[in-house]
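Each chain gets a letter, A, B and so on, in the order the sequences are listed, and its residues count up from 1.
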There are 2 protein chains.
Amino acid sequence: MLTKKELKEYCIDARENYLAHISIDCVVFGFHEGTMKVLVLQMKDEGEWYLPGGFVLKNEPIEMAANRILKERTGLDEIFLQQFHVFGHPDRSKEHFDMYKDMLPEKENWFTNRFLTIGYYALVDFCDVNPAPDQFSTSCAWCDLNNVPPLKLDHTLILKTALDTLRVHLNYQPIGYNLMPGEFTMPELQKLYETILDKKLDRRNFQRRMLGFGILKRSEQLRKGGAHKAPYLYSFDLENYRAALIEGFKGSW
Amino acid sequence: MLTKKELKEYCIDARENYLAHISIDCVVFGFHEGTMKVLVLQMKDEGEWYLPGGFVLKNEPIEMAANRILKERTGLDEIFLQQFHVFGHPDRSKEHFDMYKDMLPEKENWFTNRFLTIGYYALVDFCDVNPAPDQFSTSCAWCDLNNVPPLKLDHTLILKTALDTLRVHLNYQPIGYNLMPGEFTMPELQKLYETILDKKLDRRNFQRRMLGFGILKRSEQLRKGGAHKAPYLYSFDLENYRAALIEGFKGSW
DNA sequence: TACAATTGTGTCTAATCTACACTATAGATT
DNA sequence: AATCTATAGTGTAGATTAGACACAATTGTA
């Protein structure tokens with residue numbers, strides 16, 4: 001937790017620079033070694049976990065705010081970001097309220113305000129990320145999606161909603177592009193889909209369908225080193241990929 | 001436009017009761033005589049058109065705010081409402097800013113603030129609505145979707161985004177339930193789908209598919225009075241309808 | 001009474017989805 | 001080096017679904 005002095009400084013700064021009552025929270029998805037990962041921060045002292053977030057500068061577009069916040073946490077710029085929901089129940093930040101209310105009078109206290117938070121999800125290449133904690137956290141780290149600890153405030157709900165949205169969007173966007181490294185094998189891509197959808201897919205039908213979209217380029221190279229037959233390496237064909245995005249992907253899984 | 005005095009009173013009241021920087025705008029869809037309708041308001045004096053909207057009370061959940069706002073405009077309570085996007089560009093309310101900036105000093109002036117607006121779309125039974133103007137408008141009326149006048153601020157974008165969202169949601173929810181009256185014929189329902197999707201559908205295949213969902217009940221009665229063969233009347237089977245909602249509707253149009 | 005327009009139902013074909021079989025190959029085992 | 005094992009690449013038969021269209025039934029009207 002911040003000292004009283006730190007808190008006071010923070011509040012003065014926040015009040016001056018940020019829009020009141022509005023925050024942004026981000027669910028950053030990465031994919032590594034066959035499992036989905038989410039970026040979480042751990043609170044100083046209490047050790048509680050929460051999602052990366054922040055506020056909107058008074059004259060800043062909200063997408064830019066989300067981008068700025070994530071750049072600070074991941075080192076990455078121009079991340080694939082998708083707004084998905086606003087969480088606006090008056091009690092959603094009650095925990096925060098109780099925690100900070102005795103430290104500063106309410107008039108000056110930024111954290112006892114009510115906040116609506118705009119949820120964004122981000123898809124990133126796991127390997128590109130350099131997790132960095134913020135002012136309130138001791139650590140920022142990837143966490144296995146199947147094994148997320150209880151999160152502060154309504155962040156568990158935010159995460160769940162992001163995941164539900166991602167599943168739906170999977171029907172309309174080839175989401176793999178943002179989550180996979182430049183080169184990958186078909187089984188790796190399939191694993192990603194299986195993780196997001198939380199169900200097994202048929203290897204052969206998956207391959208056919210994926211290739212049917214016409215957005216993958218097969219390299220002549222194979223991924224050697226595995227214990228068995230070496231799979232081909234693929235990459236996204238950016239030109240066709242963009243065209244397909246505009247067309248829209250039809251059909252559900 | 002409001003007089004200076006009215007504006008001042010409004011601003012004092014707003015400042016006291018509403019969350020700063022946040023507004024709600026609603027796209028209310030209705031369906032009547034084979035065409036989609038949208039509820040719009042006409043500004044006093046200038047005659048410009050805009051979408052029904054309002055602000056969030058300091059201790060009010062945002063869904064409740066949207067509901068309250070729509071109750072004032074339509075007379076209806078517990079409307080089917082769906083949050084779909086936040087519009088947050090800093091310049092989005094520049095028109096408002098320019099219009100009101102000379103009437104009151106910026107410190108007191110509610111309307112020169114930056115507002116993020118949360119977009120909701122609503123689906124209602126056209127016949128149930130009693131359009132009522134708000135404080136800033138001379139009239140509140142249904143407007144043909146194919147023939148919407150230019151709207152104030154970014155409301156044209158908001159409407160377009162709502163419509164795009166509605167099209168996607170059509171794959172996941174039997175949206176007809178909220179837009180159709182209690183009893184309707186299959187051709188009427190088809191017309192609704194055709195209007196939303198903006199394309200012709202095959203009469204026979206539509207019927208088969210619709211009935212395949214198992215959410216319609218056929219009445220023994222026919223709709224007489226038309227110049228030709230009388231079609232059956234249908235209504236939604238609420239029990240199956242709810243079950244289907246949970247299951248999720250698969251497949252795209 | 002015949003006609004025009006529309007609705008209810010059926011059916012054929014092509015496309016797609018699903019499940020599974022077979023072959024190929026890299027590394028491990030012997 | 002020969003064989004084994006697990007996984008990858010490709011193909012195919014059957015079921016399901018989507019799309020196009022034909023035909024009979026029924027309503028009010030000429």
- With sugar-phosphate taken as primed atoms, P, OP1 and OP2 and all else as base, the protein-contact string of nucleotides 6-12 of chain D at under 4.0 Å (heavy atoms; B, S, -) is BBBBBBB
Measure from [atom1] on [X] to [atom2] on [N] and round the result to the nearest Å.
X: B:Q190; N: D:dG19; atom1: CD; atom2: P; result: 13 Å
X: B:M210; N: C:dT7; atom1: CE; atom2: P; result: 16 Å
X: A:L201; N: C:dT18; atom1: CG; atom2: P; result: 10 Å
X: B:K191; N: C:dT6; atom1: NZ; atom2: P; result: 12 Å

Parallel, tilted or perpendicular: rings of [Y] and [X] (30°, 60°):
X: A:H32; Y: A:F126; result: parallel
X: A:Y50; Y: A:H155; result: tilted
X: A:F236; Y: A:Y177; result: perpendicular

- Query: Any donor and acceptor pair, going by atom type alone, linking the side chain of A:R92 with main-chain N or O of A:F115 inside 3.5 Å?
  - Reply: yes
- Message: So does A:L157 get a backbone contact from the side chain of A:D154, meaning a donor-acceptor N/O pair under 3.5 Å?
- Response: no
- Item | Side-chain heavy atoms of B:W142 within contact of B:T35, under 4.5 Å | no
- Can you find a pair of side-chain heavy atoms, one from B:L216 and one from B:L189, that are under 4.5 Å apart? yes
- Query: At what angle, to 10 degrees, do the two end axes of the helix from C:dT1-D:dA30 to C:dT30-D:dA1 meet, given five pairs define each axis?
  - Reply: 10°
- Given A:Y121, A:F29, A:F84, the one that forms ring pair (Phe, Tyr, Trp, His ring centres under 6.0 Å) with A:H169: A:Y121
